Amino acid sequence: MKISIIIPTYNERDNLKELFERIDRALEGHGYEIIIVDDDSPDGTWKLAGELGERYPVKVVRRVGEKGLSSAVIRGFHEASGEVFVVMDADLQHPPEKIPELLKAIEDGADVVIGSRYVRGGQVKNWYWYRKLISRGAILLGRIALPKIRDVKDPVSGFFALRRDVVEGTELNPVGFKILMEILIKGNYKRVVEVPFTFGLRMAGESKLGGRTVWNYIRHVLRLMNWEGELDRLIKFSIVGALGVVINEGFLWTFVRFLGWDKILANVAATELAILNNFTWNDLWTFRDVRGKPLWNRLLNFHLAALTGAVVQWGIYVGLMFLGMNYLLANLVGIGFSFIVRFLFNRHVTWG
Ligand code: GDD
Ligand code: MN
């Protein structure tokens, strides 16, 4: 089984020697190649990599006039000749000694193996608590927005291994820089395994990511949601919700005006009818392709979602008024949150 180790680099000259040495030692007995995809680093990383090619099986791709971490990794896939690809950083934050463990999991039947910071036994060294919080929050957001990866604890790791056919023939978008997430959404695979590792300290040089990272990440998640059809669902769910408001008001008016019902009782009945209406349309349209649970179960959960949404809405309404906010505005904020809660509840539970 030939292994291609793909390493994107930009100004990583001072890390190369130790990196190659440790990879070579870790992979003793394996057939492997190292693919360095360097974006014409001013410090001459490409040059040193070429020189070290006399001692190690290195192939250097020097890209001129092109930049970007994801596109570099994708280029590496195209240049690689192995059956298994390993992607890692050059700065030794990803310990080469872990590679055999990733490969073992592939041999045992996994299609994608993630070097994971967030499964038991994994960790991050020397991050301030707020850095950890941002990382965790961003990952949670991605997992909630993209049900396909909701069981993956570290979908943005830059350290992973995969079988060649997972990415062969897929159209990966080179724009985002969380290439693993892109692969987990668009790749052809069945089994994902996470292997814990310690995300260490950068040996030499400095990080190139940061700055507008969070904003770019959110845009990437939105693009993937769109690709997955999750944004379409959100729109359909909104349309159904709007229809439900009309139905609710219409029945309330009918019951009070023409049947002379008590206004409280009429509201309960009208609300229930609106819920049944919304359920029907969401079941036949919004979530048509993900009807796994039996009908009674979906119906029950849809009611639970409505109830949860109502409680959230009311809680926010009372809370914000207590803080001095105008009651109409407070209700609007409540409705917004209720909408999100109901959508997510239904997406992950009712039609999960
Ligand atoms: N060719 C190329 N082009 N390589 C790049 C570029 C680029 O534009 N930008 C960064 N790299 C290379 C770096 O030289 C390094 O080998 C690797 O990509 C990771 O870059 P770092 O700057 O060290 O990233 P980081 O440590 O902040 O982030 C890492 O951890 C994140 C998880 O917290 C990366 O592995 C991320 O992918 C990962 O999401
Ligand atoms: Mn790094």
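Indexing begins at 1, ligand by ligand and atom by atom, following the structure's order. Owing to the predicted nature of the structure, the values given are computational and were not obtained by experimental measurement. All residue numbers refer to positions in the sequence shown, counting from 1.
- The distance from ligand 1 to the heavy atoms of T9 drops below 4.0 Å at these ligand atoms: 1 (N), 2 (C), 4 (N), 14 (O).
- If you check each of D89, T45, L92 against atom 19 (C) of ligand 1, the one with the closest non-hydrogen atom is D89.
- Among the atoms of Q93, an N, O or S atom falls under 2.8 Å from the Mn ion (ligand 2).
- Close contacts of ligand 1 with V37, meaning ligand atoms under 4.0 Å from a residue heavy atom, involve 1 (N).
- Between atom 18 (O) of ligand 1 and the options L69, L180, I134, L19, the minimum heavy-atom separation is to L69.
- Close approach to H94 involves these atoms of ligand 1, each under 4.0 Å from a residue heavy atom: 35 (O).
- Within the 6.0 Å centre-distance limit, the rings of F339 and F237 are counted as a close aromatic pair.
- Under a 4.0 Å criterion applied to the non-hydrogen atoms of K178, ligand 1 contributes the atoms 38 (C), 39 (O).
- For the Mn ion (ligand 2), the nearest N, O or S atom contributed by D91 is named OD2.
- Remark: aromatic rings of F199 and H94 are close, center separation under 6.0 Å.
- By the 3.5 Å distance cut-off applied to N or O atoms, E206 is not counted among the residues near ligand 1.
- Taking the charged nitrogens against the carboxylate oxygens, D40 and R62 do have a contact shorter than 4.0 Å, which makes a salt bridge.
- Considering both main-chain and side-chain atoms, F177 never comes within under 3.5 Å of ligand 1 through any nitrogen or oxygen pair.
- Considering R117, Q93, K67, R62 only, the shortest heavy-atom separation from atom 26 (O) of ligand 1 involves Q93.
- Taking any N or O of V156, backbone or side chain, at least one lies under 3.5 Å from an N or O belonging to ligand 1.
- For Y317 and Y327, the gap between ring centers reaches or exceeds 6.0 Å.
- Checking only distances, Y10 does come within under 3.5 Å of ligand 1, N or O to N or O.
- Between K104 and D108 there is a salt bridge, since at least one side-chain N of the basic residue sits less than 4.0 Å from a carboxylate O of the acidic one.
- Other residues, nucleotides and ligands contribute at most 12 non-hydrogen atoms within 6.0 Å of the CH2 atom of W314.
- Geometrically, ligand 1 and P8 share a nitrogen or oxygen pair separated by less than 3.5 Å.
- A salt bridge does not link E171 with K186: none of the charged nitrogens is closer than 4.0 Å to a carboxylate oxygen.
- The shortest N or O to N or O distance between D39 and ligand 1 is under 3.5 Å.
- Residue R202 approaches ligand 1 through these ligand atoms, each under 4.0 Å from one of its heavy atoms: 21 (P), 22 (O), 23 (O).
- Ligand 1 is approached by W127 to a heavy-atom distance shorter than 4.0 Å.
- For an aromatic pair to be called close, the ring centres must be under 6.0 Å apart, and F279 with W351 satisfies this.
- In this structure, F199 is part of the shell of residues with a heavy atom less than 4.0 angstrom from ligand 1.
- Under 4.0 Å is where a charged nitrogen must lie from a carboxylate oxygen, and between E230 and R347 at least one such pair does.
- Between K47 and E51, at least one side-chain N (NZ, or NE/NH1/NH2) sits under 4.0 Å from a carboxylate O, which counts as a salt bridge.
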